[in-house]
Q: 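My structure is below; once you've seen it, I'll send some questions.
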Amino acid sequence: MSTHAHRSRIPHAPSARPRRSKAVAGALAAACALLLAATGCAATASTAPTAAAEPAAARSSAAAPRPAAPAVPEPAALAGAKVNVGEGTIVGVGMPISVTFPRPVPRAERAAVEHWLGVDARPAVTGAWSWVKDRNLLDGQRVDYRPPAYWKPGTRITLRVGSHAVRHFSIGRSLTATVDVRTHTMTVTEDGRPDTRIPVTAGRPGLDTWNGTMVVMDKQPRVYMDSRTVGLGDAYHGYYAWAVHTTTSGTYVHQNPAANTHAGRANVTHGCVGLATDGTAERFYRRVIPGDVIRVTGSRDTVEPGNGYGDWNLTWSEWLAHSATRHGGDAR
């Protein structure tokens, strides 16, 4: 509960051509195969993970021509990289692409890492990689990719992690939930239209909910929360329902019995955003997906970029300042 540390291309019609004998055609095919192999152009097996079957749309995207490899050698760090977005998933407009490494990447190798991390977005967008100091990792263990503004709904994205992995995912509808801690309300806006106003209770003075823009990291129907893990003694410990996770330090939007009395009136939590037990919390939980945006206004300290996905709290200029290549590029 605390904000400070919980746990198509259409084919051309064939033109009329003279028929060749099967023997001639076979000989030509064999000769072509030998020529392709000798020149290094023969097709190779995909290096994408095979743990889960790719959806049809992903297979279509994967069949597209592979972009040319960067001129710089491929960094060894990419072999152990992990990606935050799963194959074939649909995420919200705020989800950055986040790649983490088992060990810090030296500064001298970071530009090469960025060059070998390929982002192909349809429709094309401008975006850039930026090195983020993750709350639980060392400097140089995380690099994120985002556009200047939220992704456009319906965007299809292919990420290539050098020669080691490929991920295909897409952006769903746009949903932003704005929490105003001064009025104790949360306004949900979908596809540009505010449609729901929800009474909430936020962090009490001294345990204020983080200010700024956060992104839904994940969600669970029940989460065990223990105040002893954040130095608050026996203030609370137990399971809380319909938990929407927004920071690594432990901020959630979740069901809280205290909201039955205080939602819309006062801020009484230990830093999370509490929703009533009358179905309000469950309805919100079922509506949101990872990547949706949660904005908090009227509070105090702004959440750090590496505390979850706080990337959007940096201006575009600030974002580029943490890029090893220091410029954006078109993701095509």
Side-chain angles (χ1 to χ4, degrees), residues 1-7 94 133-136 176-188 196-288 290 292-310 312-313:
M1 296 175 65
S2 168
T3 61
H4 298 288
H6 270 307
R7 299 289 197 252
K133 173 58 180 73
D134 189 276
R135 183 182 178 89
N136 292 337
T176 301
T178 301
V179 176
D180 187 333
V181 302
R182 295 162 300 190
T183 61
H184 321 293
T185 59
M186 178 169 66
T187 303
V188 181
T196 308
R197 187 176 172 90
I198 302 172
V200 304
T201 179
R204 67 183 186 229
L207 292 173
D208 307 82
T209 302
W210 288 114
N211 206 59
T213 301
M214 289 157 271
V215 172
V216 175
M217 301 168 64
D218 54 68
K219 63 178 187 176
Q220 295 176 264
R222 292 179 59 196
V223 170
Y224 187 82
M225 300 185 185
D226 187 343
S227 57
R228 292 170 295 183
T229 65
V230 292
L232 294 177
D234 291 325
Y236 59 87
H237 51 85
Y239 285 95
Y240 288 82
W242 312 122
V244 177
H245 194 191
T246 60
T247 71
T248 306
S249 63
T251 310
Y252 287 82
V253 180
H254 66 85
Q255 181 172 285
N256 188 334
N260 296 341
T261 302
H262 298 287
R265 300 180 180 182
N267 295 324
V268 301
T269 79
H270 296 85
C272 292
V273 177
L275 306 180
T277 65
D278 59 359
T280 299
E282 182 178 0
R283 285 191 295 272
F284 180 73
Y285 173 92
R286 297 195 181 283
R287 186 171 182 181
V288 300
D292 284 342
V293 177
I294 310 291
R295 293 181 60 248
V296 176
T297 65
S299 193
R300 301 180 64 183
D301 298 330
T302 299
V303 65
E304 291 290 332
N307 189 1
Y309 302 129
W312 301 102
N313 293 298

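Only heavy atoms go into these numbers, but all of them, side chains included; no hydrogens, no water, no symmetry mates.
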Q: May I ask you to decide if the ring planes of Y236 and H270 are parallel, tilted or perpendicular, using 30° and 60° as cut-offs?
A: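 Ring orientation of Y236 relative to H270: tilted.
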Q: Could you pull out the closest heavy-atom pair between G250 and C272, with the gap in Å?
A: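 Closest pair (atom of G250, atom of C272, distance): O-SG, 3.6 Å.
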Q: The criterion is side-chain contact (heavy atoms from CB on, under 4.5 Å); which residues satisfy it with A241, sequence neighbours excluded?
A: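 Testing A241 for side-chain contact (heavy atoms from CB on, under 4.5 Å), a comparison that skips the adjacent residues, returns Q255.
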Q: Could you tell me whether the side chain of S227 and the main chain of G233 form a donor-acceptor pair under 3.5 Å?
A: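 Yes, because the side chain of S227 sits within donor-acceptor range (under 3.5 Å) of the backbone of G233.
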Q: Roughly how far, to the nearest 0.5 Å, is the CD1 atom of I198 from the NE2 atom of H184?
A: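 Here the rounded value is 16.0 Å.
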Q: Once salt bridge (Lys or Arg N to Asp or Glu O under 4.0 Å) is applied, what residue pairs with a partner in residues 270-288 remain, sequence neighbours excluded?
A: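 The answer is E190-R287, D195-R287, E282-R286.
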Q: If you define the side chain from C-beta out and look only at heavy atoms, does anything of V223 sit under 4.5 Å from Y240?
A: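 A side-chain contact is absent here, since even the closest heavy-atom pair is not under 4.5 Å.
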Q: May I ask you to test the H254-Y285 pair for a side-chain heavy-atom distance under 4.5 Å?
A: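 No, every pair of side-chain atoms sits at 4.5 Å or beyond.
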Q: Identify, with sequence neighbours excluded, every residue that meets side chain to side chain donor-acceptor pair (under 3.5 Å) alongside T261.
A: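 None.
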Q: State whether the side chain of T246 and the backbone N or O of T251 hold a donor-acceptor pair below 3.5 Å, judged by distance alone.
A: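 Confirmed, T246 side chain pairs with T251 backbone.
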Q: Looking at A177, is its backbone amide N or carbonyl O close enough to the side chain of D292 to form a donor-acceptor pair, meaning the two atoms are under 3.5 Å apart?
A: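 Such a contact is absent between D292 side chain and A177 backbone.
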Q: For R265, which residues count as a side-chain contact (heavy atoms from CB on, under 4.5 Å) partner, sequence neighbours excluded?
A: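 If we apply the side-chain contact (heavy atoms from CB on, under 4.5 Å) test to R265, skipping adjacent residues, there are no hits.
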Q: Can you check whether V188 reaches F284 side chain to side chain, under 4.5 Å on heavy atoms?
A: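 Heavy-atom side-chain distance check passes, below 4.5 Å.
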Q: CH2 of W210 to OG1 of T247: how many Å apart, nearest 0.5 Å?
A: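 The OG1 atom of T247 is 8.0 Å from CH2 of W210, to the nearest 0.5 Å.
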Q: D134: which residues meet the side chain to side chain donor-acceptor pair (under 3.5 Å) condition with it, sequence neighbours left out?
A: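 Listed in chain order: R142.
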Q: Which residues satisfy the side chain to side chain donor-acceptor pair (under 3.5 Å) test with T297, sequence neighbours excluded?
A: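 Residues passing side chain to side chain donor-acceptor pair (under 3.5 Å) with T297: none at all.
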Q: Test M217 against T248 for side-chain contact (heavy atoms from CB on, under 4.5 Å), laying out the working first.
A: CA-CA 9 Å; M217 301 168 64; T248 306; 3.8 Å; yes
Q: For G203, does its backbone N or O pair with a side-chain atom of T269 as donor and acceptor, under 3.5 Å?
A: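 Between the backbone of G203 and the side chain of T269 there is a qualifying donor-acceptor contact (under 3.5 Å).
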Q: Name all residues meeting the salt bridge (Lys or Arg N to Asp or Glu O under 4.0 Å) criterion together with D218; count only those two or more places apart in sequence or in a different chain, and write none if there are none.
A: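 Testing D218 for salt bridge (Lys or Arg N to Asp or Glu O under 4.0 Å), a comparison that skips the adjacent residues, returns none.
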Q: Look up atom OG1 in T280 and atom CG in L275, then write down how far apart they are to the nearest 0.5 Å.
A: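 Atom-to-atom, T280:OG1 and L275:CG are 7.0 Å apart.
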Q: Within the structure provided, determine whether H245 and Y252 are in side-chain contact (heavy-atom separation under 4.5 Å).
A: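 SC-SC contact between H245 and Y252 confirmed.
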Q: Suppose we screen for side chain to side chain donor-acceptor pair (under 3.5 Å). Which residues come up paired with T302, at least two apart in sequence or across chains?
A: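 Residues passing side chain to side chain donor-acceptor pair (under 3.5 Å) with T302: none at all.
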Q: Just by distance, do the side chain of T213 and the backbone of R295 share a donor-acceptor pair under 3.5 Å?
A: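 Pair absent, no side-chain N/O of T213 close to backbone of R295.
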Q: What do the steps show when you test Y224 against H237 for side-chain contact (heavy atoms from CB on, under 4.5 Å), and what is the final call?
A: CA-CA 7 Å; Y224 187 82; H237 51 85; 3.7 Å; yes
Q: Please check this pair: side chain of T187 against backbone of R197, looking for a donor-acceptor N/O pair closer than 3.5 Å.
A: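 No, because the side chain of T187 does not come within donor-acceptor range (under 3.5 Å) of the backbone of R197.
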Q: Mind listing the closest non-hydrogen atom pair of A202 and N267 along with its distance?
A: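 Residues A202 and N267, closest heavy atoms: N-OD1, 3.0 Å.
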Q: Identify, with sequence neighbours excluded, every residue that meets side-chain contact (heavy atoms from CB on, under 4.5 Å) alongside R300.
A: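 Partners of R300 by the side-chain contact (heavy atoms from CB on, under 4.5 Å) criterion, ordered by chain and then number, come out as D208.
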Q: Would you find more than 12 non-hydrogen atoms of other residues, nucleotides or ligands less than 6.0 Å from E304 atom CD?
A: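 Open.
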Q: Check salt bridge (Lys or Arg N to Asp or Glu O under 4.0 Å) between R222 and all other residues, then give those that pass, not counting sequence neighbours.
A: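 Partners of R222 by the salt bridge (Lys or Arg N to Asp or Glu O under 4.0 Å) criterion come out as none, since no residue qualifies.
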Q: Going by the salt bridge (Lys or Arg N to Asp or Glu O under 4.0 Å) test, which pairs reach into residues 228-242, not counting sequence neighbours?
A: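 Matches after skipping sequence neighbours: D226-R228.
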Q: Who pairs with V296 by side-chain contact (heavy atoms from CB on, under 4.5 Å), at least two apart in sequence or on another chain?
A: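 By the side-chain contact (heavy atoms from CB on, under 4.5 Å) rule, V296 matches V179, V181, T209, N211, M214, S299.
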Q: For the backbone of P199 and the side chain of T185, can you confirm whether one donor and one acceptor N or O come within less than 3.5 Å of each other?
A: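 Between the backbone of P199 and the side chain of T185 there is no qualifying donor-acceptor contact (under 3.5 Å).
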